[in-house]
Amino acid sequence: MDVSKRLVELRNKCWLTQNGLAERAGVSQTHLRRVELGQADITVGHLQLLCDAMDVSLQEFFNIETRNDELSTALSKLTPKQKKLLIAFLESL
């Protein structure tokens, strides 16, 4: 996933300028611009601040809930009892 493109996409959906988002999130507008241009990396902490300012969860940012991979497909087919057993197994690890 291209974090910079996703950040621009979500910022535009929120009708925010770079300066507006940076101000809301309490981060440097210069750094935000460089991140959006792909010229700088972003920490999870700063990304969380930006997501909070846009009222978007990190899960939504990375489209985790909309991915349809093998694991999520397999999990969706489990019965409630099987899910409980799987959770108990994973917690025992």
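Shortest non-hydrogen contact noted between Leu58 and Cys51 is CD2-SG, 3.9 Å. Residues Asp55 and Glu60 come closest through the heavy atom pair O-OE1, 4.3 Å. Minimum heavy-atom separation, Arg11 to Leu16: NH1-O, 2.9 Å. Taking every heavy atom of both residues into account, Phe61 and Val56 meet most closely at N-CG1, 3.8 Å. Across all their heavy atoms, Gly38 and Ser4 have their closest contact at N-CB, 4.1 Å. Closest approach of Asp41 to Val35, counting heavy atoms only: O-CG2, 3.8 Å.
Under the side chain to side chain contact (heavy atoms under 4.5 Å, CB included) criterion, Gln82 pairs with Leu78, Thr79, not counting sequence neighbours. Checked against side chain to side chain donor-acceptor pair (under 3.5 Å), Asn12 has no partners two or more places apart in sequence or in another chain.
Here the straight-line distance linking atom OG1 of Thr17 with atom CD of Glu23 works out to 8.5 Å at 0.5 Å rounding. With rounding to the nearest 0.5 angstrom, the CD atom of Gln18 is 12.5 Å from the CZ atom of Arg34. To the nearest 0.5 Å, the span separating CD on Gln48 from OG on Ser57 amounts to 8.5 Å. Atom-to-atom distance recorded for Leu7:CG and Leu21:CG is 6.5 Å, nearest 0.5 angstrom.
By the neighbour-count criterion of 12 heavy atoms within 6.0 Å, atom NE2 of His31 is densely surrounded, having more than that number from other residues, nucleotides or ligands. Annotation: Asp52, atom CG; neighbour count of heavy atoms from other residues, nucleotides and ligands within 6.0 Å is above 12.
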May I have the list of side-chain donor-acceptor pairs in residues 83-93 shorter than 3.5 Å, sequence neighbours left out?
unit_1	atom_1	unit_2	atom_2	d
Ser92	OG	Phe89	O	2.5

>> Between Glu9 and Arg6, does the salt bridge (Lys or Arg N to Asp or Glu O under 4.0 Å) criterion hold? Intermediate values first, please.
In response: CA-CA 5 Å; Glu9 174 190 339; Arg6 180 69 172 151; 2.9 Å; yes
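Leu37 and Leu32 fall into different hydrophobic clusters, defined by Ile, Leu, Val, Met, Phe, Trp and Tyr side-chain heavy atoms under 4.5 Å apart, directly or through other members. Residues Leu49 and Val44 are members of one and the same hydrophobic cluster, defined by side-chain heavy-atom contacts under 4.5 angstrom among Ile, Leu, Val, Met, Phe, Trp and Tyr.
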